[in-house]
Amino acid sequence: MATVGICFLVLVVIIVLLLNVPEKRAARDIRNSSVRLLLGKGTSDGEPCGLDSAALYVFSPIPPGGGLGDLIHFLSKDPGRNQFSRAADRRQAGRYFPESSESIRALYADAAMASGAPKWAGDYAAGVRYLFEKARDEILVITGVPQEITAVFDVSENVGSSAEDMVEISIARFAADWIPPGETASTYSPDRNRIREELIGSRRFGKRMEDLDGSWRSLIAALYNLSMDSHWRIAVKYNPGLQAELDELIILAVTADLHRRESDLMVRVPSSAGRDAGILWTPEFSFYKNIPEVTGNTADEVPTVFFSKVNLGYTFRDSRTQTWLNRRKDWLTDYMSMFFSKTTGDDFSPVKQADRNIADWKIARLKAEGIHGINTMIASSLPFGVKKVYGVREMALIRVNLIANP
């Protein structure tokens, strides 16, 4: 009887194992597929997806064929020449100038307004504006800035997912499909905390987020370098509105970079408890903390005094930006005093929860405006992206106190 019992027990165990093997194999396949889509070079419905694709998407305006890359290539031409001297460059220009130079100039007939402009100035300034608008439209879609953040560009008609959307959608898809090791589809249901632990403990996830951050650095660096390009400045001379539009585009790109770092990457992953932790990912920064507290009056109609203290964040080991900041403590103190004197109480006032998203964008925009004035000065002497120089990337509002005269 004992032998029969043992044999029966062994048989039951074998049957259970045989039944579980296909389910465990299926769970492993699902897990590998979900990881590949998020961290590898996978596709979903035939389209690239995941964090790799998001990084390439942010970088896409810069290579040849992207609006910014084409503009930078056009700026390498002698402004006074009708065409490039090299045949390869002429072929490349033919791809981004499908229209004739006459039709492009007709579209931007007011491109050369300065009196005494040379004959070539009209075609050149018109060509620069044509390519800048292509780059601008691409970047506005990538940043995903809401219309409330800019009065300069119309972003309401832009279609397509922003880079921030791509990241959130990719993580939500991963969370819905992923099955932890040792679990099967029948024993596991999506758990936000478990997914969070998996992601923050993954070196591959951290590396993909670093690559994504590198794409944002590169995009913003390319825009700052464009503003310092000598041929760009020639075009601005004959079409002055270009510089103001480029400044606005840079501010919007910096705003989007700040906003994404303050956003929960798991915002589209359901939370069973309604208060489960998410993920706020930020690169490693060093901070310049030597700017003293500044005080003055805001721009409010009601007399209001501000007391403000900020720290400036820059990419870890960006020693040249660090040196630049260390040598300009007095200038930075005066700059921050002037910056806060242009703010109002509304910039810091609390908002209703329903307006939380726009409020987050607006505070990111405020910080971006402060960063832009500093980075413009840095870029004038230190080309961005060269020797790992990326300027100021964060403005930590340590303390902002406002006292209104009742």
Side-chain angles (χ1 to χ4, degrees), residues 58-142 152-153 215 218-253 372 375-387 389 391:
V58 175
F59 190 74
S60 62
I62 300 175
L68 194 55
D70 290 343
L71 174 56
I72 293 170
H73 179 257
F74 181 68
L75 290 172
S76 68
K77 178 179 74 67
D78 182 340
R81 293 179 62 97
N82 288 331
Q83 294 183 327
F84 284 93
S85 58
R86 295 175 62 246
D89 288 326
R90 290 196 296 272
R91 286 193 297 272
Q92 184 173 341
R95 289 191 289 270
Y96 59 68
F97 277 145
E99 298 91 346
S100 65
S101 59
E102 292 80 7
S103 63
I104 291 174
R105 186 173 185 180
L107 287 170
Y108 306 102
D110 61 343
M113 300 297 295
S115 60
K119 292 182 179 179
W120 53 263
D123 286 341
Y124 184 72
V128 170
R129 172 162 285 286
Y130 172 86
L131 292 171
F132 173 75
E133 292 189 1
K134 284 178 57 181
R136 177 201 68 195
D137 292 345
E138 289 179 22
I139 293 169
L140 287 178
V141 175
I142 290 168
V152 177
F153 302 129
S215 291
S218 297
L219 176 60
I220 293 169
L223 290 171
Y224 274 114
N225 290 336
L226 172 62
S227 69
M228 299 298 158
D229 188 284
S230 59
H231 288 178
W232 166 264
R233 294 191 173 190
I234 290 173
V236 168
K237 177 181 178 181
Y238 301 114
N239 191 341
L242 280 169
Q243 187 59 49
E245 293 180 26
L246 176 57
D247 286 336
E248 175 68 7
L249 187 61
I250 295 173
I251 289 172
L252 294 181
H372 179 57
N375 278 349
T376 299
M377 292 293 292
I378 297 175
S380 66
S381 57
L382 300 173
F384 277 29
V386 178
K387 297 181 179 180
V389 174

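Any value given below was found using the heavy atoms of this structure, including those in side chains, with hydrogens, waters and symmetry copies removed.
To the nearest 0.5 Å, the span separating CG on L223 from CD1 on I72 amounts to 8.0 Å. Between the CZ atom in F132 and the CH2 atom in W232 there is a gap of 5.0 Å [rounded to 0.5 Å]. One distance of note links OG1 of T376 with CE of M228; it measures 5.5 Å at 0.5 Å rounding. We find the CG-NZ distance between L131 and K134 to be 6.0 Å, quoted to the nearest 0.5 Å.
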Show me, pair by pair, the donor-acceptor contacts under 3.5 angstrom made by side chains of residues 379-387, not counting sequence neighbours?
residue: S380; atom: OG; partner: M377; partner atom: O; Å: 2.5
residue: S381; atom: OG; partner: I378; partner atom: O; Å: 3.3

Let me check something: any side-chain donor-acceptor pairs from residues 79-87 under 3.5 Å, sequence neighbours excluded? List them with distances.
residue: R81; atom: NE; partner: Q83; partner atom: O; Å: 3.2
residue: R86; atom: NH1; partner: D89; partner atom: OD1; Å: 3.4
residue: R86; atom: NH1; partner: D89; partner atom: OD2; Å: 3.0

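Using modelled atom types, one side-chain atom of H231 and one backbone atom of K77 make a donor-acceptor pair closer than 3.5 Å.
Two rings, from F74 and Y124, have their centers less than 6.0 Å apart.
Side-chain contact between I220 and N375: absent, with no pair of heavy atoms (C-beta onward) separated by less than 4.5 Å. Within the 4.5 Å cutoff, the side chain of V128 has no heavy atoms near those of the N239 side chain. Between L140 and L249 there is a side-chain heavy-atom pair separated by less than 4.5 Å. Side-chain atoms of L226 and L75, non-hydrogen and from C-beta on, do get closer than 4.5 Å to each other.
Scanning both residues, A135 and L68, for their nearest heavy atoms gives CB-N, 3.5 Å. Summarising the geometry of D70 relative to G65, their closest heavy-atom pair is OD1-N, 3.1 Å, with the distance given to 0.1 Å. Minimum interatomic distance between H372 and D247 (heavy atoms only, all atoms of both residues): NE2-OD1, 3.4 Å. Considering all non-hydrogen atoms of both residues, L219 and V58 come closest at CD2-O, 3.9 Å. Shown here for F59 and S215, the closest heavy-atom pair between the two residues is CB-OG, 4.0 Å. Residues P64 and Q92 share a closest heavy-atom pair of CB-NE2, 3.9 Å.
Between Y130 and F97, the angle of the ring planes lies from 30° to 60°, which puts this pair in the tilted group.
Taking 4.0 Å as the cut-off between side-chain N and carboxylate O, R129 and E245 count as a salt-bridged pair.
The side chain to side chain contact (heavy atoms under 4.5 Å, CB included) test applied to E138 returns P61, not counting sequence neighbours.
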